[in-house]
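Below is one structure, written out as structure tokens; comments come after it.
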Amino acid sequence: ASRARLYYITEEMTYSLADENNPLSTMPDQVWRRGAVTVEDGRIYGEIPTNAVMYYISVTYNGCTVSTPIMKVEKP
């Protein structure tokens with residue numbers, strides 16, 4: 001069986017140092033929230049929350065997980 005999950009943040013992505021002695025140790029400042037999506041007949045259905053600014057979708061099939069790139073929500 002397939003499973004899909006939508007993850008989103010409500011503000012632009014920013015980063016902070018996790019270790020001030022290591023400039024390569026950055027961590028995102030945002031917490032990713034989970035949205036509702038379903039998988040039917042090999043397709044993913046759901047809606048991106050209206051307050052989302054960026055999102056990605058993670059799909060698990062037969063124990064293997066892949067994710068889309070992080071995508072920016074285009075506002076009209």
Side-chain angles (χ1 to χ4, degrees):
S2 298
R3 181 183 73 209
R5 291 190 172 148
L6 167 73
Y7 295 95
Y8 69 97
I9 54 178
T10 57
E11 57 188 29
E12 289 286 331
M13 193 77 161
T14 57
Y15 297 88
S16 296
L17 286 178
D19 177 357
E20 61 186 42
N21 296 318
N22 181 357
L24 300 178
S25 67
T26 58
M27 295 290 294
D29 296 322
Q30 292 71 30
V31 174
W32 289 89
R33 301 173 188 203
R34 225 162 90 179
V37 292
T38 58
V39 178
E40 295 176 26
D41 298 323
R43 292 180 183 233
I44 299 169
Y45 297 92
E47 291 187 22
I48 300 166
T50 56
N51 62 338
V53 173
M54 302 180 94
Y55 72 98
Y56 71 94
I57 296 173
S58 176
V59 179
T60 301
Y61 180 74
N62 286 342
C64 297
T65 302
V66 295
S67 297
T68 66
I70 296 173
M71 296 175 273
K72 188 172 183 176
V73 176
E74 298 295 328
K75 303 282 183 181

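Source: prediction; values computed, not measured. Reckoned from all heavy atoms, side chains included, excluding hydrogens, waters and symmetry mates.
- Put simply, the side chain of Leu17 does not reach to within 4.5 Å of the side chain of Asn22, judged on heavy atoms.
- Checked against side-chain hydrogen bond (donor to acceptor under 3.5 Å, both in side chains), Thr14 has the following partners two or more places apart in sequence or in another chain: Asp29, Gln30.
- Remark: the Thr65 side chain and the Ser58 side chain contain no N/O donor-acceptor pair separated by less than 3.5 Å.
- Note: Met54 CE to Met13 CE = 7.0 Å, rounded to the nearest 0.5 Å.
- By the 4.5 Å heavy-atom criterion applied to side chains, Thr10 and Arg33 are counted as neighbours.
- Contact detail for Glu12 and Val53: the closest heavy-atom pair is OE2-CG1, 3.6 Å.
- Looking at heavy atoms from C-beta onward, Ile44 lies out of side-chain contact with Thr38 at the 4.5 angstrom threshold.
- Between the Ser2 side chain and the Val39 main chain, no donor and acceptor come within less than 3.5 Å of each other.
- When hydrophobic clusters are built by joining Ile, Leu, Val, Met, Phe, Trp and Tyr residues whose side-chain heavy atoms come closer than 4.5 Å, directly or via intermediates, Ile48 is grouped together with Met71.
- Of all heavy-atom pairs between Tyr8 and Ala52, the closest is CD1-CB, 3.7 Å.
- Each of Ile9, Thr68, Leu6 was compared with Tyr56 under the side chain to side chain contact (heavy atoms under 4.5 Å, CB included) criterion, and only Thr68 meets it.
- Two residues are said to be in side-chain contact when any heavy atoms from C-beta on lie closer than 4.5 Å; Ile70 and Tyr7 fail this criterion.
- In this structure the side chain of Tyr45 reaches within 4.5 angstrom of the side chain of Glu40, judged on heavy atoms.
- Side-chain heavy atoms closer than 4.5 Å link hydrophobic residues (I, L, V, M, F, W, Y) into clusters, and following such links, even through other members, never connects Tyr61 to Val37.
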